[in-house]
Structures are given as structure tokens and as C-alpha cells.
2 protein chains.
Amino acid sequence: MNKGTLKYIAKELGLSASTVSRVVNGKYEGNEKTKQRVLEALEKHSYIPNEVARSLQKSSTETIAVVLPDISETFFGTIVKEIENEVSDSGYMLILADTHEKAEKERKYLDILYKRRVDALVLATIDSNGDAVSKFIANDIPVVFIDNIPKLDGISAITIDNKKAGQIAVDYLLSCGHTQIATIIGSTSETTGADRLAGYCSALSDNNIEKNDSLIKFGDYKLDSGYKAMCELLDNRDKAHFTAVFVTSEQMTYGALRAIRDRNLNVPDDISVIGFDIHNLKDDRRQMITTVRQPEDIIGKNVGELLLTHLRENDTPKEDTRIFLEPFLQKGDTVKNFKKENILF
Amino acid sequence: MNKGTLKYIAKELGLSASTVSRVVNGKYEGNEKTKQRVLEALEKHSYIPNEVARSLQKSSTETIAVVLPDISETFFGTIVKEIENEVSDSGYMLILADTHEKAEKERKYLDILYKRRVDALVLATIDSNGDAVSKFIANDIPVVFIDNIPKLDGISAITIDNKKAGQIAVDYLLSCGHTQIATIIGSTSETTGADRLAGYCSALSDNNIEKNDSLIKFGDYKLDSGYKAMCELLDNRDKAHFTAVFVTSEQMTYGALRAIRDRNLNVPDDISVIGFDIHNLKDDRRQMITTVRQPEDIIGKNVGELLLTHLRENDTPKEDTRIFLEPFLQKGDTVKNFKKENILF
DNA sequence: ACCACCTTTGCAAACGTTTGCTATTATAAT
DNA sequence: ATTATAATAGCAAACGTTTGCAAAGGTGGT
């Protein structure tokens with residue numbers, strides 16, 4: 001029999017595994033003396049329970065899966081950190097899956113994670129076909145989306161109000177005197193992109209500015225697509241002029257900025273740029289990119305809390321939770337203010 | 001008996017669990033017809049193996065623990081991403097522990113991870129007392145350090161050459177005409193800090209510049225300590241003058257920059273700064289902080305590869321692996337070049 | 001001296017797999 | 001018809017726990 005196991009120690013003591021187990025778990029109600037004997041033996045062998053065996057028996061792994069497109073982005077890193085912070089005291093650990101923005105990898109990971117019997121799933125999906133996720137729901141494993149609103153029932157979601165995010169950006173540009181505003185939107189097959197676009201549109205129409213479809217370009221959240229979209233906008237600038245552009249993802253923002261630079265245009269003198277999810281360096285001495293931001297830390301904290309209530313009460317809540325947090329604007333130096341000309345620079 | 005299990009399906013087919021198991025794992029050698037029957041039944045019930053049970057039986061969880069101080073830092077995020085990328089094809093998943101730079105949390109996590117029977121451990125320790133880690137070594141669980149050189153035997157390490165990092169920084173400053181160079185070093189109880197300091201010293205002495213101890217300050221890698229150290233340096237500047245400072249961590253660099261700004265001094269005109277691990281925004285249109293960098297992606301890739309060979313061959317290699325990667329300088333706009341005055345700005 | 005009851009501990013099944021060995025049956029060789 | 005051989009499938013133990021139930025032993029009351 002393997003050393004270091006409950007059974008082994010029990011046999012050595014002439015006791016049963018049950019007794020030792022109960023002592024280990026603080027459920028022992030018997031003789032104080034034997035309790036001490038057991039405790040000593042545990043100490044002596046420096047017994048360490050096997051969580052895998054425990055998991056099997058309890059059918060709970062105390063593990064939360066986090067599936068996201070790119071852990072190296074500060075945005076996701078911060079969310080993960082906050083989730084961890086929230087759930088670690090309850091003994092849960094995080095198992096991390098980076099999908100590299102690939103739908104196929106996401107599906108594969110979801111399958112594996114289901115096999116591994118994670119207790120809960122946090123998902124920033126890039127492919128909310130949602131089929132791979134339905135197994136989780138069917139088995140009452142809590143699922144929380146952190147990036148967009150799921151199409152299936154049974155999934156909670158904690159996101160920002162993406163429509164408002166679009167509005168904030170456009171409102172700010174309007175307040176700076178811009179009226180010809182272009183935008184680069186990520187995929188609209190998810191609510192995320194669609195809502196940001198909706199916010200853009202409604203802010204315009206609220207201010208009686210007619211929307212110009214040739215000022216709306218679409219990308220896939222990645223750098224190259226932002227570059228390409230910006231090029232198209234610039235190429236068509238004679239016909240569809242604009243003074244500012246609202247780019248709706250971090251990577252696409254970098255792409256757009258690069259495209260602008262490649263044409264030897266200046267930001268913000270020639271074109272104003274407002275980005276998304278840009279994490280400017282903490283050293284605020286220097287130039288910053290104006291950006292719409294999400295409160296990642298609050299998102300993460302909320303996800304953690306929600307997960308814990310789901311997991312503890314072990315009741316799937318009657319209603320899917322929907323928490324919408326506030327996006328906010330972080331002013332930088334990439335938007336020109338026509339209202340107070342020449343003051344900013 | 002629980003539905004969805006091997007046993008259940010076996011019973012329904014009038015077969016034994018063994019047979020079904022063997023089909024599932026492609027180890028079945030029997031009658032083609034029964035194989036098909038089993039396959040159909042598996043399909044029909046959409047059978048999903050329970051990895052927890054498998055892990056218990058195989059005593060291998062296909063899980064790699066990654067323990068680090070702060071996953072929200074791009075530096076660690078990138079390393080994690082690359083490790084994941086390297087090992088995911090082999091079926092390994094990452095379990096993530098963020099220690100929030102606390103030695104106690106690190107120890108706690110290491111204990112838990114050992115209980116959870118992870119197959120390997122990647123550790124960026126902040127407390128290489130190493131005691132919590134010795135259990136892993138004793139049980140032939142591969143351990144790789146990614147931040148400093150372990151004191152214990154049996155641990156591999158993949159780091160940059162930290163001495164060279166110090167030399168690179170100082171050499172660059174010297175080449176720009178600086179001779180009075182201060183430095184802010186993280187804890188020297190780890191090799192990381194000690195080596196960077198050694199590099200700083202040797203670069204000075206190689207150039208026949210006498211080291212001035214009052215230009216060497218110590219911090220704990222965090223922002224506040226960088227701020228404080230910089231203040232001390234500035235307060236003492238009459239007695240110990242300097243034109244440049246080499247700060248040896250990302251957060252301390254931000255702290256130092258803030259201290260400089262708070263005194264209304266200009267970077268680089270009044271003081272040149274060279275940081276560490278600074279991830280300047282990808283939009284290289286803008287001002288950047290001059291910094292020593294580590295090739296995170298290569299570190300991650302190497303860690304992944306090393307882990308896989310350890311895990312696959314299941315042999316603890318005779319010798320502890322030591323891989324030293326090259327740090328590199330990323331030039332920015334925070335170092336003044338006295339050699340070609342007024343050209344850079 | 002008997003019964004009732006409480007205290008202390010153990011038995012055995014269960015969690016869901018994998019796998020070495022054996023049993024059964026069919027096939028072929030003599 | 002007998003035996004050797006191969007093909008097929010199952011038994012049962014193992015992985016290391018947890019836990020409902022039962023058994024053993026002890027105590028005290030009558």
C-alpha cells in the first residue's frame with residue numbers, strides 16, 4: 001500500500017481509514033486520546049490529502065475555468081486577478097484557457113474543461129454559437145459571460161453597457177466640436193460590437209447628425225483589421241470626410257494609429273482618435289491615448305462574487321443575472337478640441 | 001448507477017466496463033462488431049469521460065501550476081500565454097495562482113497545488129526560502145523557476161542573464177555620456193536583484209568609474225518603494241550628484257518617474273531614466289520609456305518545452321537545467337544623449 | 001445479572017476510471 | 001475426437017478518499 005495515504009497511516013495505527021479521515025476533516029467525535037494519536041501520526045508522516053481522490057468522491061473540484069482570448073492583455077489579466085482574489089479564500093482555484101481568439105480552440109477547451117469537471121465557467125467568448133457551452137448549463141454548472149450577452153438561457157453575464165460606451169465616445173467628440181465622426185466596429189455578430197455601434201448611432205441621431213454608412217467600418221478586433229479599416233476610411237476621405245474616429249478595441253486602435261502614421265498624418269491635428277480598452281502607462285507624465293475604458297477590476301470582483309453565491313448556495317438562480325457596469329472615458333491627448341482651439345497643444 | 005458513466009453504458013450494452021473503457025481509449029483489440037456497438041452507444045449517450053477519475057487512476061492530472069506575483073502585468077501574462085501555447089497540444093492545462101507578491105500567499109498556494117497533484121510547477125517566487133517547494137522536488141515533480149536562480153537543488157531555471165541586464169543599462173548610459181549613475185535595486189536576497197546590481201557595479205568598474213554607495217538604493221519591486229528610493233536620491237543630490245538612474249523593475253520605474261515629476265524635474269533633461277520590463281504601448285508613434293526588457297515570449301516558450309521533455313520522458317534529468325536568455329535594451333526618450341547634444345529632442 | 005443506552009470505531013460501498021490476469025468460447029491442427 | 005491456440009470479453013483490484021450504517025465495547029440503572 002502506498003505510503004503517505006490515509007489507509008497507510010490508518011493501518012500503521014491499527015485504526016480504520018474512516019477514523020483517520022474524520023480526524024483529518026475535523027469531523028471526529030470519538031476518544032480524545034485516539035484523536036491525539038492520529039494527529040501525531042499525521043504530523044509525523046506529514047500527511048497531505050489527495051485532492052484528486054477527494055474530488056472524485058465529492059464530485060466537486062473546487063476549480064473555476066476561465067476561458068478568454070488573450071491573457072497577455074492587461075484587460076483580461078486584471079479581470080483574472082480580481083476573480084482569483086475574490087474566490088481564493090473559499091478554496092477555489094482558477095484553471096486558465098487562452099483561446100488565442102480562435103473559435104476552434106475555444107470549443108476544444110470547453111470540451112476538455114467539461115471533462116475535467118470544473119465547478120464553474122467564466123467565458124469571454126469569441127464565438128457565442130454557444131453549443132459547447134450548453135453541456136455546462138445542462139449540468140447546472142454556473143456559467144458567466146464577461147464580454148457579451150449570451151444568446152442561450154441559463155448564462156449570467158457581467159459586462160459594461162456597451163451602448164453607453166459608444167455614446168460616451170461620440171458625445172465627447174461632439175463636445176470637442178467634431179461632427180464628422182467615423183468608427184471602426186468589431187464583429188457585430190456578438191452583442192458587444194452591435195451595442196457599441198448602436199451607441200454610436202444613437203448619439204449621432206440624438207444630436208441630429210445624420211449617420212453616414214461609409215464612415216462605419218468593420219473589423220475583427222485584431223490589429224490588422226484596424227489598420228485595414230483605417231486605410232479604407234482614409235482612402236475615401238475625399239468623398240466621406242471625417243475629423244475623428246472611434247475605434248472599438250485595443251488592438252484595432254493600435255492598427256488605426258499605425259495606418260494614420262503611415263500616411264504621415266498627425267494625431268490629433270489631422271485626425272482625432274478615441275480608442276477602447278487602452279491601458280496607458282501608469283506614468284501619467286507622458287502623452288496618453290484618449291480611450292473608453294471598462295472597469296476591469298469591478299468586473300472581476302463582480303464575477304467572483306456571483307460565482308461564489310452560485311457555488312455556495314448550489315442553486316442555479318431562477319433568473320439569469322445581468323449586471324451592466326459603467327464604461328468611462330479616459331481623456332488623453334489624441335482628440336483635438338475645436339472648442340478651445342490651440343489651448344491644448 | 002449514475003447515467004453517463006462508463007459502467008452505465010457497459011451495463012446497458014451487456015458488456016463490462018473494461019471493454020467499453022478499452023474502446024474509449026482506442027486500446028480495444030476484440031471483435032469489430034462489438035466495437036461498433038460500443039461506439040454507437042457512446043455516441044448515443046454522448047459519453048464524456050470523467051477526467052478526475054482518470055487522474056486518480058493514472059495519478060497524473062495533466063495540469064501545470066503557474067505561480068506568479070501578478071498576472072495583470074504584461075510581463076507575466078505573456079509568459080503564461082506562451083507556456084500555454086507550448087503545452088496545450090499535449091493535453092496539459094494551466095492552473096493559475098496569483099500571489100499578489102505575498103510570501104504567505106505563495107506558500108499557501110504551493111501547499112494547495114501539491115495536494116491537487118499538479119504534474120509540474122512553474123514558479124516566479126518572491127520568497128525562495130524554498131521550503132514549500134521541496135515537497136515537489138521530493139516527489140519528482142518538475143519545478144521551473146522563471147525569475148531567479150533557486151537555492152535548492154532539483155529545480156530548473158529559465159531566466160535572463162541579470163548581470164548582463166545591469167551591464168547593458170549602464171553601458172548604454174555611459175555611451176550617452178553619463179558618468180554619475182544611480183540605481184534602484186529590488187531585493188538582493190534573490191539572485192535577480194543581486195545580479196542586476198552586480199552588473200551595474202561591474203560595468204562601472206570596467207570603465208574605471210568608482211562606485212558610489214550613496215547612489216545605490218534598495219526597494220521591494222513595488223511602486224512605492226521606487227518612489228521613496230528616488231526621493232532619497234534626489235534629496236541627497238547635492239552630496240551625491242547623478243545625471244541618470246537605472247531602475248530595476250517596472251513598478252519601481254513608475255514610482256521613480258512620479259517622484260521626479262513631483263519635484264518638477266524634467267526627464268530626460270534633468271535626469272535620465274532607464275527602466276526595466278516596461279511595456280511601452282504598441283503604438284510606437286509616441287514617447288517611450290527607455291528600458292531593459294526580457295524576452296518574455298522566448299522565456300515562456302522555453303519553459304513550455306522544458307516542461308514537456310521532463311513530463312514526457314518522465315525522467316528527472318540528471319542535471320538541473322539553467323537557461324540564460326538575453327536581456328535587451330529598448331531605446332526610448334527618457335535618456336539624454338550628451339554625446340550628440342540637442343539632436344534627440 | 002439483565003437491559004438500555006451511549007461512546008467509539010470499523011465495514012463496506014461509493015466516486016468513475018484503468019489494466020493485469022483469467023475465463024470462456026471458437027477455431028484450427030492433429 | 002482431442003488438444004493446442006487464438007480471439008474475445010470479463011473479473012477484480014487499484015487509485016485515495018468520504019460517509020451511512022452497524023458493531024463492538026463500556027457504563028449505569030434497575
Side-chain angles (χ1 to χ4, degrees), chain A residues 1-39 41-42 45-63 91 112 114-119 139, chain B residues 1-39 41-42 45-63 91 112 114-119 135 139 141:
Chain A
M1 185 187 312
N2 216 321
K3 252 184 132 174
T5 70
L6 217 46
K7 272 189 183 167
Y8 180 88
I9 295 183
K11 174 168 275 180
E12 197 183 70
L13 286 167
L15 289 171
S16 74
S18 332
T19 304
V20 180
S21 168
R22 281 187 258 258
V23 171
V24 169
N25 293 293
K27 293 183 183 172
Y28 182 76
E29 308 258 88
N31 190 324
E32 184 63 23
K33 228 184 234 160
T34 45
K35 181 171 169 184
Q36 289 309 324
R37 276 181 60 222
V38 173
L39 250 21
L42 291 173
H45 291 83
S46 58
Y47 169 70
I48 296 171
N50 183 325
E51 287 295 332
V52 177
R54 251 219 263 257
S55 291
L56 181 59
Q57 155 69 27
K58 306 255 227 163
S59 60
S60 142
T61 53
E62 313 260 276
T63 299
I112 296 179
Y114 182 78
K115 289 192 212 165
R116 287 187 177 232
R117 297 313 196 256
V118 297
D119 288 352
N139 285 72
Chain B
M1 184 188 312
N2 217 322
K3 252 183 130 174
T5 70
L6 216 48
K7 270 188 184 169
Y8 180 88
I9 295 181
K11 175 168 273 179
E12 198 184 68
L13 286 168
L15 289 171
S16 75
S18 331
T19 304
V20 180
S21 168
R22 282 188 256 257
V23 172
V24 168
N25 293 294
K27 294 183 183 170
Y28 181 76
E29 306 259 88
N31 190 325
E32 185 63 24
K33 230 184 230 161
T34 46
K35 182 172 170 185
Q36 289 310 323
R37 276 179 61 220
V38 174
L39 249 22
L42 291 172
H45 291 83
S46 57
Y47 169 71
I48 296 171
N50 183 324
E51 286 295 332
V52 177
R54 248 217 265 257
S55 290
L56 179 59
Q57 154 68 29
K58 306 255 229 160
S59 62
S60 143
T61 54
E62 311 260 277
T63 300
I112 296 180
Y114 182 78
K115 289 192 209 164
R116 288 187 175 232
R117 297 311 197 257
V118 296
D119 288 352
K135 279 195 300 288
N139 285 73
I141 299 170

Of A/K58 and B/A53, the one whose closest DNA chain D nucleotide lies more 5' | B/A53

Closest approach of B/A17 to B/A10 (non-hydrogen atoms, all atoms of both residues) |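 Taking B/A17 first and B/A10 second, the nearest heavy atoms are N-CB, 3.6 Å.
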
Shortest non-hydrogen contact from B/E12 to B/H45?
->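 Distance-wise, the nearest heavy atoms are OE1-CE1, 2.7 Å.
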
Partners passing ring pair (Phe, Tyr, Trp, His ring centres under 6.0 Å) against B/Y47 (at least two apart in sequence or in another chain) = none

For [N], does OP1 or OP2 lie under 4.0 Å from any side-chain N or O of [X]?
| X | N | value |
| --- | --- | --- |
| B/Y47 | C/dT17 | yes |
| A/R54 | D/dG16 | no |
| B/N50 | C/dC15 | no |
| A/S21 | D/dT18 | yes |

Go through residues 2-20 of chain A and report each residue with a non-hydrogen atom lying under 4.0 Å from DNA chain D, sorted by number.
->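 Going residue by residue through residues 2-20 of chain A, the ones with a heavy atom under 4.0 Å of DNA chain D turn out to be A/N2, A/T5, A/L6, A/K7, A/S18.
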
List in numerical order all residues of residues 29-37 of chain B for which some heavy atom is under 4.0 Å away from an atom belonging to DNA chain D.
-> B/E29, B/G30, B/N31, B/T34

Interatomic distance, [X] [atom1] vs [N] [atom2] [rounded to whole Å]:
| X | N | atom1 | atom2 | answer |
| --- | --- | --- | --- | --- |
| A/K115 | C/dG16 | NZ | C1' | 15 Å |
| A/L42 | D/dT17 | CG | P | 10 Å |
| A/H45 | D/dG16 | NE2 | C1' | 16 Å |
| B/R117 | D/dT17 | CZ | C1' | 11 Å |
| A/L56 | C/dT18 | CG | P | 12 Å |

For A/K11 and A/T5, run side-chain contact (heavy atoms from CB on, under 4.5 Å): C-alpha distance rounded to whole Å, both residues' side-chain angles, the deciding distance at 0.1 Å, then the answer.
-> CA-CA 10 Å; A/K11 174 168 275 180; A/T5 70; over 6 Å; no

To the closest 0.5 Å, what do you measure between [atom1] ([X]) and [atom2] ([Y])?
| X | Y | atom1 | atom2 | answer |
| --- | --- | --- | --- | --- |
| A/E62 | B/I112 | CD | CD1 | 9.5 Å |
| B/I9 | B/S21 | CD1 | OG | 11.5 Å |
| B/K58 | B/T61 | NZ | OG1 | 12.5 Å |
| B/R117 | A/S55 | CZ | OG | 11.5 Å |

Look only at the side chain of B/N50 and the backbone of B/A53, and say whether a donor-acceptor pair between them is shorter than 3.5 Å.
-> yes

Summary of salt bridge (charged side-chain N to carboxylate O under 4.0 Å, His left out) pairs that have at least one residue in residues 26-37 of chain B, sequence neighbours excluded = none

Begin with the C-alpha distance, continue with both residues' side-chain angles, and end with the deciding distance and a verdict on side-chain contact (heavy atoms from CB on, under 4.5 Å) for B/N25 and B/R54.
-> CA-CA 11 Å; B/N25 293 294; B/R54 248 217 265 257; 2.8 Å; yes

Could you walk me through whether B/T34 and B/T19 pass side-chain contact (heavy atoms from CB on, under 4.5 Å), step by step?
-> CA-CA 9 Å; B/T34 46; B/T19 304; 5.7 Å; no

Using nucleotides 21-27 of chain C, report all nitrogen or oxygen pairs with the protein that are shorter than 3.5 Å.
none

Just the atom pairs and distances: protein N or O near nucleotides 23-26 of chain D's N or O, under 3.5 Å.
none

Stepwise side-chain contact (heavy atoms from CB on, under 4.5 Å) check, A/L42 with A/V38 | CA-CA 6 Å; A/L42 291 173; A/V38 173; 3.9 Å; yes

